[in-house]
Structure formats: structure tokens, C-alpha cells
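Heads up, the thing below is written out as C-alpha cells.
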Amino acid sequence: MSNYYVTTSIPYVNGEPHLGHAMEFIMADVLARRARQQGEMVIFSIGTDEHGGKIAEKAAELKLTPKALADQMSARFSQLAQSLNISNDRFIRTTDAGHEQRAQLIWKALAKNIYKDKYVGWYCTGDEAFFSEAEVKANNGVCPSHNRPYEKVEEENCFFKLSAYNDQIKKAITSGDLLILPETRRNEILSTLKDGLTDISVSRPKQKIGWGIPVPGDPDQVMYVWFEALMNYITVLGYPEHADFKKFWPANVQVVGKDIIRFHAGIWPAMLMGLGLALPKMLYVHGFINVDNKKMSKSLGNYISPDDVIAKYGTDAFRYYFLRHIPSYNDGDFTWETFEAAYNNELANELGNAVQRTVVMAQKYQDGVIGDTPPPEHDIAQYEEALAVCHFDRALDEVWEQVRGLNQYIDEEKPWEIAKQGDTDHLREVLAYQVGSLLQIADLLEPFLPDTAAKIKAVFHEGLITPLTGTLFPKQESTATPEPAQ
RNA sequence: GGCGGCGUAGCUCAGUGGUUAGAGCACAGGACUCAUAAGCCUGGGGUCAGUGGUUCAAAUCCACUCGCCGCUACCA
């Protein structure tokens with residue numbers, strides 16, 4: 001039995017949870033549940049990133065303290081995790097006292113890599129990031145994504161010697177010590193490493209941005225929010241002294257979105273190297289979710305909240321769609337039409353109905369008694385290979401091969417005819433095979449659709465049918481506009 | 001501008017040199033009836049972006065062209 005540590009990135013609490021956050025939670029949850037199923041000791045951590053000028057600013061607008069706003073928003077993410085049935089063991093907030101204290105320890109441990117310098121540059125609070133002179137000029141001094149002027153910043157900042165680690169990071173990625181998936185993301189980061197990383201500002205003057213963790217020994221500075229947020233992956237384990245940290249670091253997989261790959265494949269590894277710690281074994285980078293093939297946004301009017309979908313179709317259907325129908329290695333698209341098609345065809349008709357017809361036949365022909373079921377016989381190598389590289393979509397394709405296979409088996413064997421012929425031994429054999437097959441499917445489904453897997457297992461528990469109340473996935477009426485009557 | 005990726009059936013995609021190019025969805029037809037009017041079977045449908053080349057053989061390798069996307073740098 002070994003230890004397994006998986007993390008998501010921690011969402012910044014300046015906005016509501018959206019489909020992308022939900023998908024990231026779910027993907028990491030599959031990895032965590034699979035590892036537990038394999039008997040590993042697992043820590044699965046999620047959380048929220050809560051400091052920085054943007055939060056302070058927004059809180060002021062709402063006449064709240066930054067902490068009050070962060071409390072509210074953090075709770076929203078926590079609720080989302082609950083409604084998605086996420087099995088996280090930890091939920092770290094960067095405003096937790098433990099994180100704040102440990103972040104300061106990390107800072108001190110990195111002190112030899114940090115120096116103070118005067119910084120002149122352009123800053124956008126919307127991005128919490130600096131921009132080059134050229135870029136500012138190109139945009140006529142206004143940040144296009146936030147429609148606000150860049151602030152000219154001239155101040156003393158602490159700098160982290162990121163440049164010193166460029167070659168070491170490149171080597172770690174090239175050698176596969178830090179495996180980045182998918183490969184196109186790996187290539188992307190390698191190409192930026194070719195150009196060389198520059199040192200980064202990792203603090204802000206306290207008088208300008210008060211909402212942050214104080215820099216130890218420098219009362220005028222607070223830590224730059226990104227720098228401090230990355231530390232959550234080890235503070236949550238109790239860096240440096242806690243047994244969990246010693247047992248579970250380095251992480252097996254860190255799940256992040258493609259927009260923050262540079263932080264996780266550049267700055268974060270450098271920080272770890274500066275601390276003398278191992279790098280995570282794998283960085284899995286997922287894509288973005290569009291809605292109706294367009295970027296989702298409230299202004300475009302195509303905003304869909306995870307709650308809308310869960311409310312109508314349930315948690316497992318939500319998980320299913322985002323794991324199978326959003327490509328694991330690419331951007332994906334959400335439309336109600338494709339969601340409904342996946343729900344009705346695959347979950348209700350193929351899987352749900354396979355369970356239902358098996359249950360009904362067992363009741364009708366054998367009074368609900370199944371008896372011993374044959375052990376699993378399907379090869380799951382492809383499923384395992386897919387999961388090992390976070391190809392959630394393909395892993396589910398493999399499961400559905402078995403679901404289809406089962407339906408074909410039933411149609412070939414025609415248990416209803418066997419029943420008419422009165423061949424009770426053969427009938428018992430066929431139905432037991434169906435049940436055995438469904439139980440294996442339930443096993444494979446457990447990391448993806450935990451609730452559904454549990455229901456299937458409960459129905460056939462101990463070789464006796466305990467029918468569900470209702471069906472696994474009741475057929476849903478389409479939300480599409482019906483054709484007008486002729 | 002540099003680097004990288006993509007362009008295959010109406011749609012989403014698999015297929016990286018070797019028989020008539022595949023899957024799912026959608027569409028059409030058929031046989032059945034245990035089941036959530038579900039499931040199963042069969043079928044139509046492709047100049048594999050284009051042009052040229054390498055090869056006994058190219059969706060697959062090379063060059064160029066067109067179109068789309070990502071990362072990154074820059075011109076005043």
C-alpha cells in the first residue's frame with residue numbers, strides 16, 4: 001500500500017464557481033477515488049485562493065471586509081464540491097492561519113533566493129499581474145480583458161530568482177521527472193523555457209495591497225498572491241514538520257487548467273527546487289469549456305452555472321458528461337442538446353435500461369434470486385492505461401464497450417425464450433452472467449459515477465434483487481422546442 | 001515574426017507507411033419483445049484541405065499553398 005496525493009488548483013474567490021471549476025474538481029476526484037479503490041492511502045486536496053488586491057477592491061465595493069467576502073465565496077466553492085460529490089480530504093483556504101504561518105516559513109526557507117529591487121512596471125489589478133511596456137503601449141494603456149487602465153507601479157519589491165532554475169526545470173520536464181500531460185502543453189512550456197525565465201516580483205508594498213500575508217522580517221511588504229497561493233500544495237500537508245507532508249509529498253498528480261500552466265510548470269517547480277523538495281510527478285492540464293461553441297460569459301448570455309445542470313440531471317449525469325464528452329486533452333463544448341442526448345441515450349437507455357431489464361427478468365423468471373455470479377472476465381487494460389494518463393474520456397469509452405457488449409449479449413441469448421423453453425439451468429447461467437457483467441461495470445464506474453456504482457451494487461447485493469425505487473436514470477423530456485403540430 | 005498543433009462521413013473524433021479508411025451521434029430500413037416505446041441487426045454516406053514529391057505502397061513521410069487554433073515575441 002502506498003501513498004497518493006492529488007490536488008486541484010485553488011480557485012480565486014473573485015467570481016462564482018463555473019463549469020470549468022466543476023470539471024477540474026471531478027477529474028481530480030476520479031483520480032482520488034480510483035487510487036482509494038486500488039487500496040492506496042490518499043490525500044485529495046482542494047481549496048480557495050483568497051488574498052490580493054482584486055479581492056480587497058471587490059470587498060470594498062460590496063462594503064464588506066475582504067475576509068467576509070472570502071468567507072462567502074469560499075463557501076460557494078465548498079458547496080459546489082459537495083453537490084458534485086467530490087471526495088476531497090482537505091479544503092485549504094489561503095486565509096487559514098496554518099497556511100499563513102507556513103507560508104512565512106516557506107518564505108524564510110527561500111530567502112536565499114529572494115532579493116529586493118526597485119521595480120518599475122505596469123500592473124493590472126484585474127489580472128494581479130505585471131505587463132511589459134510594449135504590451136501596455138499596444139493596448140493604448142488600457143487592459144483589454146478588464147477594460148481598465150494599467151497602473152504605473154514604481155516600488156521596492158522582493159524578487160525571486162526564477163531565472164536560476166530555468167535549466168533544472170527544463171531538465172526535469174525533458175526527463176519526465178515532471179510529466180506534463182497532454183504533450184502539447186509540455187511542448188508549450190518547454191518552448192518558453194527555451195527563451196529563459198526571468199526573475200519575478202513576489203511581493204507588493206503593504207500600503208498598496210494590504211490584503212495578503214506579511215513578508216517575514218519586512219513589515220512593509222506582503223507576499224504576491226500567486227507566489228503564496230502555490231504554496232498551498234505543501235502547507236495543506238503541514239510543511240515542513242507534519243508526518244503527512246513527509247509521507248505524501250511529492251504529489252502524484254496536480255490537476256490544473258491550461259491558463260495557469262506557467263505558474264505550475266515554471267514558478268512552482270522553481271520554488272520547490274529552492275526548498276530542496278521533489279517536484280510533483282505529474283501535471284495534468286485540462287482545457288476550457290465552451291457553451292454552444294462560444295466562450296461562456298454572462299455578457300454573451302450563454303452563462304450556465306453547474307447548479308443549473310445538476311438540478312435538472314443530477315450529480316452523476318453531470319460528472320459523466322464532463323468526463324466523457326469534454327475531451328480530456330482538449331477544449332470542449334457544452335450544449336443542452338448534447339448533454340440531453342448523452343443522458344438519454346447512454347445513461348438512461350444503454351446503462352440504466354440494462355440494469356432494469358436484468359432486474360425485471362430476474363424477478364419474473366427467478367423470483368429475484370441470482371445466486372453466484374461469475375467473476376469479471378473483461379480485459380480492463382485499456383481502461384487502466386487511459387486512466388494512468390488522465391484520459392478520462394477514453395476510460396469511459398472502454399466502460400461503455402462493456403455496457404454495449406452486455407446489451408448485445410442479452411439480445412443474442414434471449415433469456416425470455418430460454419424461460420419459455422423452461423431450461424432453468426441455462427437461464428440461471430445467463431442471468432448470472434448479466435449480473436456479473438453489471439457488477440464489473442459498477443466497479444469500473446465507481447471513480448466516475450460513485451453514486452450510480454453504489455446503486456448498481458446494492459440492487460444485486462448478495463445474489464438477491466433489491467429493486468431500486470424508480471430507475472437509475474429516468475428518461476428526461478427534451479428542453480428543445482418541439483416541432484409545431486401539422 | 002518565431003515555435004507548436006490541427007484540417008478524415010452531416011456532427012464529434014480515432015487512425016503516423018501495407019488488404020475494399022473506422023467508431024459514436026444523426027439519418028434510413030429490418031427482425032424481435034425481457035426492459036426506461038429501451039435494446040439488437042443491417043444500410044447509405046468520405047478527391048482523408050489543395051498541389052507537387054519520396055516509395056513497390058501515402059490519410060500516414062517531405063516541400064509548398066490555403067484555412068483554423070494555441071503559446072510566444074515584436075513593429076510605430
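Letters A, B, ... are given to chains in the order of the sequence lines, protein chains preceding strands, and every chain is numbered from 1.
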Counting the atoms with a prime plus P, OP1 and OP2 as sugar-phosphate, which does A:D195 contact under 4.0 Å by heavy atoms, base, sugar-phosphate, or nothing? sugar-phosphate
Which part of the nucleic acid does A:L472 contact within heavy-atom distance under 4.0 Å: base, sugar-phosphate only, or nothing?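 If one applies the 4.0 Å heavy-atom cut-off, A:L472 turns out to touch a base.
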Output one line per pair: protein atom, nucleotide atom from nucleotides 1-8 of chain B, and distance, for all N/O pairs under 3.5 Å.
none

[atom1] of [X] versus [atom2] of [N]: gap in Å, rounded?
X: A:E412; N: B:C41; atom1: CD; atom2: C1'; value: 10 Å
X: A:E188; N: B:A73; atom1: CD; atom2: P; value: 12 Å
X: A:R186; N: B:G70; atom1: CZ; atom2: C1'; value: 17 Å
X: A:I260; N: B:G70; atom1: CD1; atom2: C1'; value: 17 Å
X: A:Y409; N: B:A38; atom1: OH; atom2: C1'; value: 20 Å
X: A:E183; N: B:G70; atom1: CD; atom2: C1'; value: 15 Å

Aromatic ring pairing A:F160/A:Y165, orientation class (parallel under 30°, perpendicular over 60°, tilted between):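 A:F160 vs A:Y165 ring planes: parallel.
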Look at the rings of A:Y320 and A:W400 and say which category their plane angle falls in: under 30° parallel, 30 to 60° tilted, over 60° perpendicular.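 Answer is tilted, since the angle falls between 30° and 60°.
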In whole Å, what separates the [atom1] atom of [N] from that of [M]?
N: B:U16; M: B:U55; atom1: C1'; value: 16 Å
N: B:C6; M: B:C75; atom1: C1'; value: 28 Å
N: B:G44; M: B:A14; atom1: P; value: 25 Å

Can you find a pair of side-chain heavy atoms, one from A:P306 and one from A:L80, that are under 4.5 Å apart? yes
Using a strict heavy-atom distance below 4.0 Å, which residues from residues 165-175 of chain A are in contact with RNA chain B? none
Which of these nucleotides, B:C71, B:G39, B:C40, is closest to any side-chain atom of A:N353?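 The answer is B:G39, which lies nearest to the side chain.
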Charged N to carboxylate O below 4.0 Å: is that the case for A:D451 and A:R319?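 Result for this pair is no, no salt bridge flagged.
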Hey, could you give me each pair passing side-chain hydrogen bond (donor to acceptor under 3.5 Å, both in side chains) that has a residue in residues 360-375 of chain A? Not counting sequence neighbours.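 Applying side-chain hydrogen bond (donor to acceptor under 3.5 Å, both in side chains) to every pair that reaches into residues 360-375 of chain A, excluding sequence neighbours, yields nothing.
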What N/O pairs connect the protein and nucleotides 24-31 of chain B at under 3.5 Å? Give each pair on its own line.
{"from": "B:G24", "atom 1": "O3'", "to": "A:R404", "atom 2": "NH2", "distance (Å)": "2.7"}
{"from": "B:C25", "atom 1": "OP1", "to": "A:R404", "atom 2": "NH2", "distance (Å)": "3.3"}
{"from": "B:C25", "atom 1": "O3'", "to": "A:N345", "atom 2": "ND2", "distance (Å)": "3.4"}
{"from": "B:A26", "atom 1": "OP1", "to": "A:N345", "atom 2": "ND2", "distance (Å)": "3.2"}

Would the A:W226 and A:F263 ring centres measure less than 6.0 Å apart? yes
I'd like to know whether the aromatic ring centres of A:F339 and A:Y343 sit less than 6.0 Å apart in this structure. no
Would you tabulate the nitrogen or oxygen pairs shorter than 3.5 Å linking the protein to nucleotides 32-34 of chain B?
{"from": "B:C34", "atom 1": "O4'", "to": "A:Y365", "atom 2": "OH", "distance (Å)": "3.3"}
{"from": "B:C34", "atom 1": "O3'", "to": "A:K364", "atom 2": "NZ", "distance (Å)": "3.0"}
{"from": "B:C34", "atom 1": "O2", "to": "A:R357", "atom 2": "NE", "distance (Å)": "3.1"}
{"from": "B:C34", "atom 1": "N3", "to": "A:R357", "atom 2": "NE", "distance (Å)": "3.4"}
{"from": "B:C34", "atom 1": "N3", "to": "A:R357", "atom 2": "NH2", "distance (Å)": "2.6"}
{"from": "B:C34", "atom 1": "N4", "to": "A:R357", "atom 2": "NH2", "distance (Å)": "3.1"}

On a plain distance test, is the side chain of A:N349 in donor-acceptor contact with the base of B:A38 below 3.5 Å? no
What would the secondary structure line of RNA chain B be in dot-bracket form, counting Watson-Crick and G-U wobble pairs under 3.5 Å, with [ ] for pairs that cross earlier ones and | for pairs with another strand? ((((((((.[[[[.)..(...]]]].((((.........)))).....[[[[[..)....]]]]])))))))....
Looking at B:G70, I'd like to know if its phosphate oxygens (OP1 or OP2) sit under 4.0 Å from a side-chain N or O belonging to A:K258. no
If we ignore hydrogens and angles and just use 3.5 Å, is the side chain of A:D331 paired with the main-chain N or O of A:F288 as donor and acceptor? yes
